[in-house]
Protein chains: 2
Amino acid sequence: MSQADTKQRILDTAEHYFAHGGFHNTSLRTITHEASANLAAVHYHFGSKEGLLEAVLLRRLEPLNQLREQHLLAVRTDARQQGRPPAVHDILHAFIEPTLHYRERHDGSQDFITLIGKAFLETDDTVRRLFIRHIETTLRLLLDLLGEALPQMGANDLFWRLQFVLGAVSHTMCRTGVPFLIPQGSLAPPCNTDNLIQQLTLFVTAGMEADPK
Amino acid sequence: MSQADTKQRILDTAEHYFAHGGFHNTSLRTITHEASANLAAVHYHFGSKEGLLEAVLLRRLEPLNQLREQHLLAVRTDARQQGRPPAVHDILHAFIEPTLHYRERHDGSQDFITLIGKAFLETDDTVRRLFIRHIETTLRLLLDLLGEALPQMGANDLFWRLQFVLGAVSHTMCRTGVPFLIPQGSLAPPCNTDNLIQQLTLFVTAGMEADPK
DNA sequence: GCACAATTCAAACGTTTGTTTTAATTCCTG
DNA sequence: CAGGAATTAAAACAAACGTTTGAATTGTGC
């Protein structure tokens, strides 16, 4: 087994366990054992447990954010060329579509989507600061575009509605692929990704555009 | 200091640290030290760390759920008396209003609202199973009522839209009172609870009622 | 004020944690 | 094929964890 193999195996295993068990609740011994690697390999390749977490996040968050920003910028460009404000639906779709599609276009990325879905809700500083730092730019772009689409809405309302959107999106990201007990005791219905994207976009668009009373 | 004092102080402190640092990431030594209690007091009063978590959850979840169910049942009764299906807005308001108002009507319950907001997203079994067990009934009632309000909507769509709602609500619950870095680096604007309830209810109502395309 | 239960306390238990160390092994280049 | 760098391996480290113990202390009913 070459170096690249070990490094990848540790990353994949860590991604899975961080997503399902949480960062602090997953030990390096669990990860290295499951990855058939030596315990010391983590510190050799990543320096520390926190370094491993950062590597896990960055590996996929970087390309995903690039994808989302491309989509968002395209929406802005289209709108400007047509001399109109961007549509709320187009903005939110540009944010949601790459995120949920990323799951099925990249092997093993289900765990990652669950992980960053959780990271949004994380109150623990280790995970949250790391995550916030790397998603700031994308979120800023999203907020700016929504401001252009809804110029009459106050900054406060805009902020909170964005929180509602992010809450719905990240909760959905966590739930896909993870069995979730719904009231009657059955499991979540199987989710068709395209349908889920459409339903979620529809939902948050209607929410963003709701008339304040 | 009498028994009741120690027990209460441990509960309050545990609630705070569980909410902000998570269950596994908070040690009993941190809690007991902050509560000016002896380490062994936790096992004497609650049996174990998990027992303490359950006590923290139950202390407030029980009355909160009673409150929510009262509101939900009132909505159903009103609708039946008037011979019409319940309105989506009334249902969601009946669920959201007691939850967010609970914060300011009960001293120290801010931490609890943050805690159960996080519990929704929790993938760790210790916390999640405990939580799910005690909120099942309320969620079931909520789902039933939404089904009555939107009889034309399929069970699958209804399920996922409820997930969107719960995502937005729990994310909001986590964010209130917890400083959250928004893109430009500033903090969350101060939230007026009544206004927040209104905005959130408006948002999720519009989302639930959006026409499926 | 005495006796009995309830509670608090300090200390130690055995595990598990992330990390470090040092030696053995593998890999690649000249 | 030799030699130096890169990687893996086993073992030990100190620190922190939840839990248990048994004695000291406090509170309560007679």
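Chain identifiers are assigned alphabetically (A, B, ...) following the order of the sequence lines, protein sequences preceding nucleic acid strands; residue numbering begins at 1 within each chain.
Counting to the nearest Å, the P atom of D:dT8 and the NE2 atom of A:His33 are 17 Å from each other. Rounded to whole Å, the distance from OH on A:Tyr44 to C1' on D:dA10 is 17 Å.
Partners of A:Ser27 under the side chain to side chain contact (heavy atoms under 4.5 Å, CB included) rule, at least two apart in sequence or in another chain, are A:Arg29, A:Thr30. Not counting sequence neighbours, the partners of A:Thr32 by the side chain to side chain contact (heavy atoms under 4.5 Å, CB included) test are A:Leu39, A:Val42. Residues satisfying the side chain to side chain contact (heavy atoms under 4.5 Å, CB included) test with B:Asn195, not counting sequence neighbours, are A:Asp157, B:Asn192, B:Gln199. Listed by chain and residue number, A:Asn65, A:Glu69 satisfy the side-chain hydrogen bond (donor to acceptor under 3.5 Å, both in side chains) test with A:Thr138 (two or more places apart in sequence, or in another chain).
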Please report, to 0.1 Å, the donor-acceptor pairs under 3.5 Å made by any side chain of residues 88-97 of chain B, with sequence neighbours excluded.
from    : atom 1 : to       : atom 2 : distance (Å)
B:Glu97 : OE1    : B:His71  : NE2    : 3.4
B:Glu97 : OE2    : B:His101 : ND1    : 2.5

Query raised in the report: What string of B, S and - do you get for nucleotides 11-24 of chain C, 5' to 3', if B is base contact, S is sugar-phosphate-only contact and - is no contact with any protein heavy atom under 4.0 Å?
Result: -B----BBBBB---

